[in-house]
> 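Sharing a structure, written as structure tokens. Questions coming.
Here is the naming used below: chain letters follow the sequence lines, and residue numbers restart at 1 for every chain. Side-chain atoms are counted along with the backbone in the values below, which use heavy atoms only and exclude waters and symmetry mates.
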There are 2 protein chains.
Amino acid sequence: MDFNEAAVFVKVVQAGSFSAAARQLGLPTSTISTRVARLEKRLGVTLLQRTTRRLHLTEAGTLYYEQASIGLGYLMEAEAALDAARLQPQGMLKVTAPADLGDALLAGLVKRVQTEYPDLVLEMLLTDRYVDLIAEGVDVAIRTGELRDSSLIAKSLGSIQWALFASPLYLQQAPALEAPPHLHAHTCLQFTPMGREQWLLSNEQSEISVPMSGRTLVNSIGVIKAMAENGQGVALLPTFICQPAQRSQQLVRVLPAWLGRADAVHLVYPQQRFMPPKLRAFIEVAVAELKTQFKETL
Amino acid sequence: MDFNEAAVFVKVVQAGSFSAAARQLGLPTSTISTRVARLEKRLGVTLLQRTTRRLHLTEAGTLYYEQASIGLGYLMEAEAALDAARLQPQGMLKVTAPADLGDALLAGLVKRVQTEYPDLVLEMLLTDRYVDLIAEGVDVAIRTGELRDSSLIAKSLGSIQWALFASPLYLQQAPALEAPPHLHAHTCLQFTPMGREQWLLSNEQSEISVPMSGRTLVNSIGVIKAMAENGQGVALLPTFICQPAQRSQQLVRVLPAWLGRADAVHLVYPQQRFMPPKLRAFIEVAVAELKTQFKETL
DNA sequence: CATGATTGTTCAATTAAATGAAAAGTAATT
DNA sequence: AATTACTTTTCATTTAATTGAACAATCATG
């Protein structure tokens, strides 16, 4: 079954002659002649009666032409629809990110992307579990930490710096906190994925492991931040998330010379032959927006 | 633009894998792979995301598939419609014939054709003028006399024998009519297309030309026959047309040893690669029916 | 964990299609 | 009536597509 023969036949009918069809299709007349003849042979009917320098569609030709031309219209429509979609970023883009990346950060990202590309629809999938992008039909992920899947393309966004925070009220009432070992005398608000046993802190000279009592563990950075603001203890949190609370003096840095770990942040997406415009658009905006939020990776 | 690529792509989607599509299409997997890749390159988009031994239709792929599969459906429908039409004679068949071939003969022909092929619709174009079959969209002609267009296929039906007829009543009252020269004493009812000047008559030994007075000329065989039956004169008419009148003794042969000309009769139709079923059916029945009506050609 | 089966991709050899040129036929123009 | 222009068809040469085989990766089975 060769649909290109049908396409040539339909064009011949529309153009009124083999020669005119050849000109319109940019093909030699011998190609037109051969393809129509081949179609007639394959179908076992005469579609065009051709003598006296003129063509006459046979009844079979008319029957075939009516259906075939509609079909070809759809096929061309299919390509036109793709062309239209390609020229501007539009449609649904599905993004996955860690649930605790920070509401303000994600809200800001969505706002900026959709301001620049009004036709884009974003579906954010915030989850702590590993997401298989291809299997789940997710276009792009924001991932922190070490990357697992080497078949994906990764684009660095910087890194998340963790640091110690507490409220001024808490610090007024609490024992002195002048070095990391003093933390064992304080209420430590632990982020469960960070680990239950210890906090690793470092300064320019050294690194220290502070054992944790494990009394307060929450797997939500937002809840831990709120508890810290309420004076319920000392928290180890991403610095970029606490910046607004620092400005309003609800939180202050504790032991500022000592830092938690730094987690790399990447955009990751599947390798594919042709980059969809909406994905390219999203990546461009996300990089511009998020690089300002995270610590520059050295 | 290569629609066969689209067909392969659509089949891959429907089958769920390249390998399954290859089996269903009877093509090697390398052909499937190459054609889909070529389609993606030509369209400039990724239609299928293919990793981990599974396929995922991209959004572009979905967009394209929806339209393309409808289009291909129409194209296959076009072929199916032709297949159905080919298997039984049906539809309109346009036949041209001389206007004066005889109502009974033509009525009989139409009746027999349509009895044997109930789905055939016959349009009879009875005319004296030359009909260009292809230009006028006529499928087949019954032609008498010498053929003009050698590009048509001709199938002999026999020949029309012209002979002298008159009513018994006329002959009772008229002068003796025992040899062709006696005709000048009679009223000769002339069929204009036969010629205005003379009647050519022949027997086994010789041929004679009888000059005509030209007083009664009509270009309708039916009218001449009716006049002869009314006793208005002697007519030179096709024998097959007069057989019923002979049986009822309204007409009798005059000078039976002397005959007019014999006109060959043919079915003629355009040469074409594939004989439409309805034309083949008509020819078969027309030959069977008409050969019994005309004198067998030696 | 090793093996076999299945997937999709790539490449050199084979096969098929496309093409330019020429031919035959017809219509339009001079 | 002769010439020119245009049509469609055919064929040898050129070009492109198809294919079998091999490869790499993954899944299912023992």
Side-chain angles (χ1 to χ4, degrees), chain A residues 1-42 46-58 61 132-135 148-152 270-274, chain B residues 1-42 46-58 61 132-135 148-152 270-274:
Chain A
M1 198 166 271
D2 187 346
F3 295 107
N4 296 326
E5 296 167 348
V8 167
F9 166 72
V10 164
K11 176 58 74 177
V12 167
V13 174
Q14 288 168 342
S17 77
F18 284 54
S19 301
R23 284 192 290 276
Q24 289 179 32
L25 292 170
L27 291 169
T29 54
S30 47
T31 301
I32 305 300
S33 177
T34 301
R35 285 193 185 178
V36 172
R38 208 158 64 208
L39 178 62
E40 286 175 325
K41 184 174 182 179
R42 187 163 64 71
T46 300
L47 299 171
L48 289 165
Q49 194 70 273
R50 33 208 188 277
T51 53
T52 67
R53 280 187 70 186
R54 278 176 291 148
L55 297 176
H56 292 87
L57 208 54
T58 64
D132 183 332
L133 300 189
I134 295 172
R148 286 160 65 169
D149 196 332
S150 62
S151 67
L152 302 174
Q271 162 67 49
Q272 53 204 307
R273 280 198 180 76
F274 303 98
Chain B
M1 204 166 263
D2 187 348
F3 296 107
N4 297 325
E5 297 166 348
V8 167
F9 166 72
V10 164
K11 176 59 73 176
V12 167
V13 174
Q14 287 167 345
S17 77
F18 283 54
S19 301
R23 285 190 290 275
Q24 289 178 31
L25 292 171
L27 291 170
T29 53
S30 48
T31 301
I32 306 300
S33 177
T34 301
R35 285 192 186 178
V36 172
R38 205 158 64 211
L39 178 62
E40 286 176 323
K41 184 175 183 181
R42 188 162 65 70
T46 300
L47 298 171
L48 289 164
Q49 195 69 274
R50 31 210 192 274
T51 54
T52 68
R53 280 186 68 188
R54 278 176 292 153
L55 298 177
H56 291 88
L57 206 53
T58 64
D132 183 332
L133 300 190
I134 295 172
R148 285 159 65 166
D149 196 331
S150 62
S151 68
L152 300 174
Q271 162 68 47
Q272 53 204 306
R273 278 195 180 79
F274 304 98

> From C/dT9, D/dT18, C/dT19, pick the nucleotide closest to the side chain of A/Pro28?
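Output: C/dT19.
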
> Please report the distance, rounded to the nearest Å, between CZ in B/Arg35 and C1' in D/dT19.
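The distance from CZ of B/Arg35 to C1' of D/dT19 comes to 11 Å, rounded to the nearest Å.
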
> Whole Å only: how far is the NE2 atom of A/His56 from the P atom of C/dT26?
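In whole Å, C/dT26 P lies 15 Å from A/His56 NE2.
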
> So which nucleotide from C/dA18, C/dT9, D/dT19 ends up closest to the side chain of B/Thr31?
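Looking only at heavy atoms from C-beta outward on B/Thr31, the closest nucleotide is D/dT19.
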
> A/Ile32 has an atom CD1; how far is it from atom P of D/dT9, in whole Å?
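Those two atoms, CD1 and P, are 11 Å apart.
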
> Mind calculating the distance between CD (B/Glu5) and P (D/dA16) to the nearest angstrom?
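So the CD-P distance, B/Glu5 to D/dA16, works out to 15 Å.
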
> OP1 or OP2 of C/dA16 versus the side-chain N and O atoms of A/Arg38: is any pair under 4.0 Å?
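False: A/Arg38 side-chain N/O out of range (4.0 Å or more) of C/dA16 OP1/OP2.
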
> Starting the side chain at C-beta, find the nucleotide from C/dG8, C/dA18, D/dA17 nearest to B/Ser17.
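Selected nucleotide (nearest to the side chain): C/dG8.
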
> Nearest whole angstrom, please: distance from the P of D/dT8 to the CZ of A/Phe18.
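My rounded result for the distance is 6 Å.
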
> In whole angstrom, what separates A/Asn4's CG from C/dT19's P?
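Taking CG of A/Asn4 and P of C/dT19, I get 12 Å after rounding.
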
> Where the side chain of B/Ser33 is concerned, which of C/dT9, C/dT19, D/dT9 is the nearest nucleotide?
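Between C/dT9, C/dT19, D/dT9, the one nearest the side chain of B/Ser33 would be C/dT9.
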
> Rounded off to whole Å, could you give me the NZ-to-P distance for the A/Lys11 and D/dT8 pair?
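Atom NZ in A/Lys11 sits about 15 Å away from atom P in D/dT8.
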
> Under 3.5 Å, is there an N or O donor on one side and an acceptor on the other linking the side chain of B/Ser30 and the base of D/dG20?
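Side chain to base: pair found, below 3.5 Å.
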
> D/dT9, C/dT10, C/dA18: which one has an atom nearest the side-chain heavy atoms of B/Thr34?
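That would be C/dT10.
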
> Mind checking the OG-CD spacing from A/Ser17 to A/Gln24? Nearest 0.5 Å is all I need.
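Rounded to the nearest 0.5 Å, the OG-CD separation comes to 8.5 Å.
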
> Which nucleotide wins on minimum distance to the side chain of B/Arg23, given the candidates C/dT7, C/dT10, C/dT9?
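The listed nucleotide nearest to B/Arg23's side chain is C/dT7.
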
> Could you tell me the separation between the CG atom of A/Leu27 and the C1' atom of D/dT8, rounded to a whole number of Å?
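Answer to the nearest Å: 16 Å.
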
> Counting C-beta onward and ignoring hydrogens, is there a side-chain heavy-atom pair between B/Leu48 and B/Thr58 closer than 4.5 Å?
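B/Leu48 does not reach B/Thr58 side chain to side chain.
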
> Does B/Val12 reach the side chain of B/Ile32, with side-chain heavy atoms less than 4.5 Å apart?
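With C-beta onward as the side chain, the pair touches.
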
> According to a strict under-4.0 Å criterion, is B/Ser19 in side-chain N/O contact with OP1 or OP2 of C/dT6?
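B/Ser19 to C/dT6 OP1/OP2: no side-chain N or O under 4.0 Å.
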
> Salt-bridged, B/Asp2 to B/Arg42, with N to O below 4.0 Å?
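Judged by the 4.0 Å cut-off on N to carboxylate O distance, B/Asp2 and B/Arg42 do not form a salt bridge.
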
> Measure the CG-CZ distance between B/Leu39 and B/Phe3 for me, rounded to the nearest 0.5 Å.
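Separation between the atoms: 11.0 Å.
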
